[in-house]
**Student:** 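Take a look at this one; I'll ask things after.
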Amino acid sequence: QLEFITPFQLYFNPDLIFRKFQIWRLITNFLFFGPLGFSFFFNMIFLYRYCRMLEEGSFRGRTADFVFMFLFGGFLMTLFGLFASLFFLGQAFTIMLVYVWSRRNPYIRMNFFGLLNFQAPFLPWVLMGFSLLLGNSIIIDLLGIAVGHIYYFLEDVFPNQPGGKKLLLTPGFLKIVFDTPEEDPNYNPLPEDRPENQPRDQDQNQQQHPQ
C-alpha cells in the first residue's frame, strides 16, 4: 500500500520461480489481498476470525498439526495454480480455513449481514455467492473449497471409515519445533525440586521475643 514494492514483484509466476529462482513468490502470492477496500477488509476479518477459532478450538494444543494444515493447503493450492494461471492465492487460503471450521462445527447457526440465516457448513458457499455479487471470479473460492474439502476428508472422514486410516501425518520436526514436549511420567524429581520440600513464605509479622 505504501508502494515500496508492487504486486508484480509478489504474484505467482512459475516461470520466474523456476527459471529466475524468485522463490519468494511461493509465499508472497498468499499475502496480497488487493488494494485497500471492502474486499481487502472482508478477507482480513474472515482470515483472523476463523484462523483464531480453529487454533483455539479443534487445534488447541496441536500447533504442529495446525501448521501442517497450512503447509498442506498451500502446497495443493500451488499445484492447482500451476495449471489454472492464478496470480494470488490468499483468498483461496481464507476460504479453506472457513471450510474446515464450518465442517467441524456443523450445528452452529450463522447470520450473514442480518439477511441470511443458515447452518455453518453453508458458509463457504454463501461467501462464494457474495464474491460473485462483487464481480470477482469464483475460481479462487472454488479452489479454497476444494482444498479445504480434501483436507477435511483425509483428516476427519476417511480415518473413521471401515478400513480407513490416517493419511495426513504431521512430520516429527514440526512437532519438535511447535509442540510443548510431554512430561515423562517416569520422571522422578530431585528432593529439593519436590513441592513438599519447597520453602514456605515466612510470616512477616513474627512475634517478638519478650525482653
**Student:** CZ of F21: more than 12 outside heavy atoms within 6.0 angstrom?
**Tutor:** no
**Student:** Nearest 0.5 Å, please: how far is CD1 in I95 from CG in L89?
**Tutor:** 13.0 Å
**Student:** Centres of the F33 and F42 rings: under 6.0 Å?
**Tutor:** no
**Student:** Verify the distance criterion only: is there a donor paired with an acceptor across the side chains of Y11 and N13 at less than 3.5 Å?
**Tutor:** yes
**Student:** Does F122, at its CZ atom, have more than 12 non-hydrogen atoms belonging to other residues, nucleotides or ligands within less than 6.0 Å?
**Tutor:** no
**Student:** Does a salt bridge link D179 with K175, judged by any charged N lying under 4.0 Å from a carboxylate O?
**Tutor:** no
**Student:** Could you list the cluster mates of L31? Members are the ILVMFWY residues connected by side-chain heavy atoms closer than 4.5 Å, either directly or through other members.
**Tutor:** I27
**Student:** May I ask you to decide whether E155 forms a salt bridge with R62, counting only side-chain N to carboxylate O separations under 4.0 Å?
**Tutor:** yes
**Student:** Do NZ/NE/NH1/NH2 and the carboxylate oxygens of R104 and D156 come within less than 4.0 Å?
**Tutor:** yes
**Student:** So for atom CZ, which belongs to F158, do other residues, nucleotides or ligands contribute more than 12 heavy atoms lying within a distance under 6.0 Å?
**Tutor:** yes
**Student:** Is the distance between the ring centroids of F88 and F32 under 6.0 Å?
**Tutor:** yes
**Student:** Distance-only criterion, 3.5 Å: show the donor-acceptor pairs between side-chain atoms of residues 145-153 and protein atoms not counting sequence neighbours.
**Tutor:**
residue : atom : partner : partner atom : Å
H149    : ND1  : Y99     : OH           : 2.7

